[in-house]
Amino acid sequence: MSTNYWLFKSEPGAYSYDNLVNDGVAEWDGVRNFQARNFLRDEVKIGDKILFYHSNASPPAAIGTAVVVRSGYPDHTAWDPVSDHLDPKSTPKNPIWYMVDIEPEGQFARFVTLREIRDDDRLGAMMLLRKGSRLSIQPVTREQFEIICKMGDSC
DNA sequence: GCCAACGTTGGC
DNA sequence: GCCAACGTTGGC
């Protein structure tokens with residue numbers, strides 16, 4: 001199976017790329033959107049490459065890359081009573097939500113801002129640029145991944 | 001099944 | 001802080 005490419009959003013105030021570097025590996029928990037869940041459960045595979053994007057940041061930007069080290073498995077925070085992501089409808093026997101594990105690959109030498117992505121004609125098809133697109137796990141093409149990586153002086 | 005109300009996301 | 005767009009909830 002070939003490598004797929006993704007964009008993962010995170011608010012740096014909640015979990016930044018620095019947090020990921022410090023942790024070494026992260027359980028990508030707390031995704032509570034069905035479309036994103038389906039990607040995590042069914043399509044995000046070990047070895048897939050991730051553009052790590054800071055949303056709700058100033059400026060919003062792609063910060064670096066990461067790699068998937070464990071494919072979809074049930075998000076146990078859904079039945080953790082002290083978790084912010086508790087969802088009583090999800091149980092160990094019938095999990096609703098899924099997560100993957102990721103590791104950082106490298107921060108970009110320079111961040112690639114949303115503005116720069118929007119201004120590049122080659123990236124016009126990205127889901128990120130669609131009006132009202134709030135999906136936190138988005139597929140990107142290999143070409144889009146590599147263009148942004150180059151814009152970040154890191155490929 | 002419809003749809004209004006509500007909560008969240010996320011750029012600006 | 002504002003607010004548009006979206007997803008979810010719940011009454012009917």
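The basis for the numbers below is simple: all heavy atoms, side chains too, and nothing from hydrogens, waters or symmetry mates. Every chain is numbered from 1 and lettered A, B, ... according to where its sequence line falls, protein lines coming before strand lines.
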### Bending between helix ends of the helix from B:dG1-C:dC12 to B:dC12-C:dG1 [5 pairs per end, 10° resolution]
10°

### Message
Suppose the criterion is disulfide bond (SG atoms under 2.5 Å apart): which pairs have a residue in residues 38-154 of chain A, not counting sequence neighbours?
### Response
A:Cys149-A:Cys155

#### Entry: Presence of salt bridge, A:Lys49 and A:Glu105, under 4.0 angstrom
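Yes.
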
Less than 3.5 Å apart, any donor N or O on the side chain of [X] or [Y] sitting next to an acceptor on the other?
X: A:Tyr98; Y: A:Asp42; answer: no
X: A:Thr77; Y: A:Arg32; answer: yes
X: A:Asn94; Y: A:Thr91; answer: no

[X] [atom1] to [N] [atom2]: how many Å, rounded?
X: A:Glu11; N: B:dT9; atom1: CD; atom2: P; result: 7 Å
X: A:Lys9; N: B:dG11; atom1: NZ; atom2: C1'; result: 10 Å
X: A:Phe34; N: B:dT8; atom1: CZ; atom2: C1'; result: 15 Å
X: A:Met127; N: B:dG10; atom1: CE; atom2: C1'; result: 16 Å

List every contact pair, protein side and nucleotides 3-7 of chain B side both N or O, where the distance is under 3.5 Å.
none

### Task
Using a 4.0 Å heavy-atom cut-off across all strands, classify A:Arg32 as base, sugar-phosphate, or nothing.
nothing

### Query
Taking only side-chain nitrogens and oxygens of A:Tyr53, does any of them come within less than 4.0 Å of OP1 or OP2 of B:dT9?
no

### Query
Which heavy-atom pair separates A:Ile117 from A:Met126 by the least distance, and what is that distance?
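Scanning both residues, the minimum pair turns out to be CG2-SD, 4.0 Å.
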
